[in-house]
Number of protein chains: 2
Amino acid sequence: MDTKTQNRLDAKARIIKAMAHPTRLFIVETLAKHEHCVCELTALIGADVSTVSKHLSILREAGIIDDEKRGSSVYYQLKMPCVMGFFSCVDTVIKANAQGQLKCVR
Amino acid sequence: MDTKTQNRLDAKARIIKAMAHPTRLFIVETLAKHEHCVCELTALIGADVSTVSKHLSILREAGIIDDEKRGSSVYYQLKMPCVMGFFSCVDTVIKANAQGQLKCVR
DNA sequence: CTCCTATTTGGCAATATCGCCAAATCGCCA
DNA sequence: TGGCGATTTGGCGATATTGCCAAATAGGAG
């Protein structure tokens, strides 16, 4: 594998890794509906604010979400809505796996 | 976040995590062209066979690739081609990030 | 049966990720 | 200016991931 391919795949993996966490998936799905501030997301997730803030910064640095200060709050919004389409493939995989499981039992 | 959502997102994250690694992305992209045995993939990747084998088993357990023994080799193939569409969104994100970088420099 | 090749598994050290607490910032308002 | 609510950052222990080596396993050829 040459260096160029390596770098390309590193960049790709970094973006995908940013989404490879249940809490961050929740954030993306929630922001897909409409923007939310950190305090709202924290309440929905039920974790420490600092934890949520770090998850948000991971998604922001990956370029998947965007932040905007307004008043005393920071509002986050989904910058790359195409990731939602990305997820439908994942659901397909999950469904296929479940069907495979069924076949073994029968 | 209720338990049902939690479980759903855990399953989703597990699939995505399986792809969140440069070597595993390389494997998926390579298998998208056509099937390959472990030894071929190992030669292309340039890592230890055991390392490649473990990456393959991670992708297999996620249900993304399939294996088939034939002769003395094990051939792997892409079971879920929709992940390739999934990747095009990631490329879009990378391109958008690069464009954002440019704007800062200018 | 024995050797040889292909692959998987066990184990280990290095590294990265996660979630919480505490502390630092930042803007706003009295 | 001082305090307050919202958010981010630093740091730490716990846990997970990664890649290599060595060893186990599986199948075919002689």
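Letters go in sequence order (proteins before strands), and every chain restarts at 1.
The stretch residues 65-76 of chain B does not touch DNA chain D, since none of its heavy atoms comes less than 4.0 Å from the strand. Residues from residues 46-60 of chain B with heavy atoms under 4.0 angstrom of DNA chain D, sorted by number: B/Ala47, B/Asp48, B/Ser50, B/Thr51, B/Lys54, B/His55.
Straight-line distance from the NE2 atom of B/His21 to the P atom of D/dA16: 18 Å, rounded to whole Å.
No side-chain donor-acceptor contact under 3.5 Å links B/Ser88 to the backbone of B/Met84. Counting only distance, with no hydrogens or angles, the side chain of A/Arg24 and the backbone of A/Ala18 share a donor-acceptor pair below 3.5 Å. Side-chain atoms of B/Ser57 come within 3.5 Å of backbone atoms of B/Lys54 as a donor-acceptor pair (strictly under, hydrogens ignored). Proximity of a side-chain donor or acceptor of B/Asn97 to a complementary backbone N or O of A/Ala62 within less than 3.5 Å is detected.
With sequence neighbours left out, B/Ala96 forms a side-chain contact (heavy atoms from CB on, under 4.5 Å) with A/Met80. Evaluation of the disulfide bond (SG atoms under 2.5 Å apart) rule for B/Cys37 yields no partner, not counting sequence neighbours. Residues forming a side-chain contact (heavy atoms from CB on, under 4.5 Å) with B/Ser53 (at least two apart in sequence, or on another chain): none.
Here C/dA30 sits opposite D/dT1 as a Watson-Crick or G-U wobble pair (both hydrogen-bonding atom distances under 3.5 Å).
For the pair A/Val28/A/Phe87, a side-chain contact is recorded, criterion being any heavy-atom separation below 4.5 Å from C-beta on. Using a 4.5 Å cut-off on side-chain heavy atoms (C-beta onward), A/Lys79 and B/Val93 make no contact.
For DNA chain C, the outermost nucleotides in 5' to 3' order that have an atom under 4.0 Å from a heavy atom of chain A are C/dT17 to C/dA22.
Considering B/Leu59, B/Ile58, B/Ile64 in turn, B/Leu59 is the only one that fulfils the side chain to side chain contact (heavy atoms under 4.5 Å, CB included) rule with B/Ile27.
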